[in-house]
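Step one of this worksheet: look at the structure below.
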Amino acid sequence: MPDYDVAIVGAGPAGAATALRLARAGTRVLLLERSHFERPRVGESLAPEVTPLLRELGVEPPATQPSYGVRSHWGGTGSSSTLTNPHGTGWYVDRAAFDRRLAESAAAAGAELRLDTACRGVAGATSWTLTLSAGATTTARALVDATGRAARLGRHLGADRLAFDRLVAVTAFVPATDPGGFGLVETVPAGWCYSAPAGGGHLVAMLLTDADLGRTGSLTAPEEWRAALGPHTTARLGDVPIPELRTISAASQRLHRPPPTGTAAPGPTWLAVGDAALAQDPITGTGVVRALRSAKTAADVLLGTDPHRFAAYETALDQECTTYLHRRLAFYAAETRWPEAPFWQRRLRTLSARRTSA
Ligand SMILES: Cc1cc2nc3c(=O)[nH]c(=O)nc-3n(C[C@H](O)[C@H](O)[C@H](O)COP(=O)(O)OP(=O)(O)OC[C@H]3O[C@@H](n4cnc5c(N)ncnc54)[C@H](O)[C@@H]3O)c2cc1C
């Protein structure tokens, strides 16, 4: 008999919430996380819809700085607000602390949480054998890839990562005596800028551009990065020194599983959840909401008995991806000030994807 019913690799919001739901249903769950949430993480703005999703998990919403909305300079002027949202305000959190708290809630519900433990490989015929960072192995009946945009396990198991763009976020966490209580978005020829309070008296500021444009424009160097920011972001940062910049993938992508061919037995079950399954542009501002929602769907699939449920799960994700891509197009079409800039030209081309192995 395998050591666990389900092994979940990655304890971000999607993996932790899936583990929590499964553990509560009496499943023997292993939740692996390669870090101990020691580094600052992006994704600090929680949309108001997070509140009911956390309550459903039995987790109290964070008692941190409320978020009243985003000031946006996109397509000229304009702003949006969450004040009218039926769920009230959103929240600005220290994302690493938020993720750690969710993982600990999964452990409190009965999942076995192992921090500082990466999954290095998986193999299986009737159940999965996972090779862990210290060279140890363990076994599980089903496997969940919750490794985020990297989709490490899914790719290892032969799925294709279809990337729809090469968006990256060149990011700085800077100390701020007054980080303000709002998110700020503004477009620039090279892409767009975002800044928001990130907990602990820090402000996160990023320039979102394409990986190749970032390289050719040296936008990962502090001086060039600062020069590429828009006037509102520049004014917000003031003359604070820019520390080392981190370049983080923000690409839109879908993990595509080719249908089984031939007569070979399909092998033990696995699925991807959260960003590993479908990662969207951060302009949507709903990554954590989607991660928590997808955890609910994934847990239902893993606990279910309908033989078609895994195929139905993939079909629903394909449909969600199509809807999202049209929404993304509408977002970018609203900015018309830089028709000659490659970043903006690319955003308005017909939808197309490329397979990535990196
Ligand atoms: C620049 C940027 C800004 C964003 N801003 C926001 C925002 O303000 N609000 C919002 O709601 N969303 C935001 N998002 C999106 C949001 O962060 C993601 O949608 C969300 O984190 C997805 O959760 P996840 O659990 O699927 O993946 P992740 O949060 O990426 O978690 C994956 C986990 O897997 C672990 N892991 C990876 N490989 C292994 C391995 N081999 N073994 C063990 N563990 C492993 C990682 O350490 C990590 O903890 C942003 C995204 C980007 C790129």
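Side-chain atoms are counted along with the backbone in the values below, which use heavy atoms only and exclude waters and symmetry mates. Quick caveat: nothing in here was measured; it's all calculated off a predicted structure.
Ion pairing between Glu335 and Arg337 holds under the 4.0 Å rule for side-chain N and carboxylate O. The residues Glu49 and Arg293 are annotated as not salt-bridged, no charged nitrogen and carboxylate oxygen being separated by less than 4.0 angstrom.
Neither side chain, Tyr4 nor Trp128, offers a donor N or O lying under 3.5 Å from an acceptor on the other. One side chain, Arg41 or Ser35, offers a donor N or O that lies under 3.5 Å from an acceptor on the other. Side chains of Tyr194 and Ser45: a donor on one and an acceptor on the other come within 3.5 Å. Between the side chains of Tyr324 and Thr284, no donor N or O sits under 3.5 Å from an acceptor N or O. Side chains of Arg236 and Ser195: a donor-acceptor N/O pair is present below 3.5 angstrom, by distance only. No donor-acceptor contact under 3.5 angstrom links the side chains of Gln280 and Ser252, judged on distance only. In this model, no donor atom of one side chain and acceptor atom of the other lie less than 3.5 Å apart for Asp160 and His256.
Applying the salt bridge (Lys or Arg N to Asp or Glu O under 4.0 Å) test to every pair with at least one member in residues 269-292, sequence neighbours left out, gives these pairs: Arg149-Asp275. For residues 95-116, no pair satisfies ring pair (Phe, Tyr, Trp, His ring centres under 6.0 Å), with sequence neighbours left out. Note on residues 316-326: pairs passing salt bridge (Lys or Arg N to Asp or Glu O under 4.0 Å), not counting sequence neighbours, are Arg254-Asp318. Sorted by first and then second residue, the salt bridge (Lys or Arg N to Asp or Glu O under 4.0 Å) pairs involving residues 130-143 (not counting sequence neighbours) are Asp5-Arg141. The list of ring pair (Phe, Tyr, Trp, His ring centres under 6.0 Å) pairs with a residue in residues 285-311, not counting sequence neighbours, is empty.
Applying the salt bridge (charged side-chain N to carboxylate O under 4.0 Å, His left out) rule to Asp212 yields the partners Arg346; only residues at least two apart in sequence or on another chain are considered. For the salt bridge (charged side-chain N to carboxylate O under 4.0 Å, His left out) test, residues two or more places apart in sequence or in another chain that qualify with Glu112 are Arg114. Every side-chain hydrogen bond (donor to acceptor under 3.5 Å, both in side chains) that Arg21 has, sequence neighbours left out, goes to Glu56. In this view, Arg347 and Asp210 satisfy the salt bridge (charged side-chain N to carboxylate O under 4.0 Å, His left out) rule, not counting sequence neighbours. Taking Arg34 as the reference, nothing meets the salt bridge (charged side-chain N to carboxylate O under 4.0 Å, His left out) condition, with sequence neighbours excluded. For His156, there are no side-chain hydrogen bond (donor to acceptor under 3.5 Å, both in side chains) partners two or more places apart in sequence or in a different chain. For His232, the ring pair (Phe, Tyr, Trp, His ring centres under 6.0 Å) test picks out His73, with sequence neighbours left out.
Side-chain atoms of Thr27 never come within 3.5 Å of backbone atoms of Ala23 as a donor-acceptor pair (strictly under, hydrogens ignored).
Here the straight-line distance linking atom OH of Tyr332 with atom CD1 of Ile283 works out to 6.0 Å at 0.5 Å rounding.
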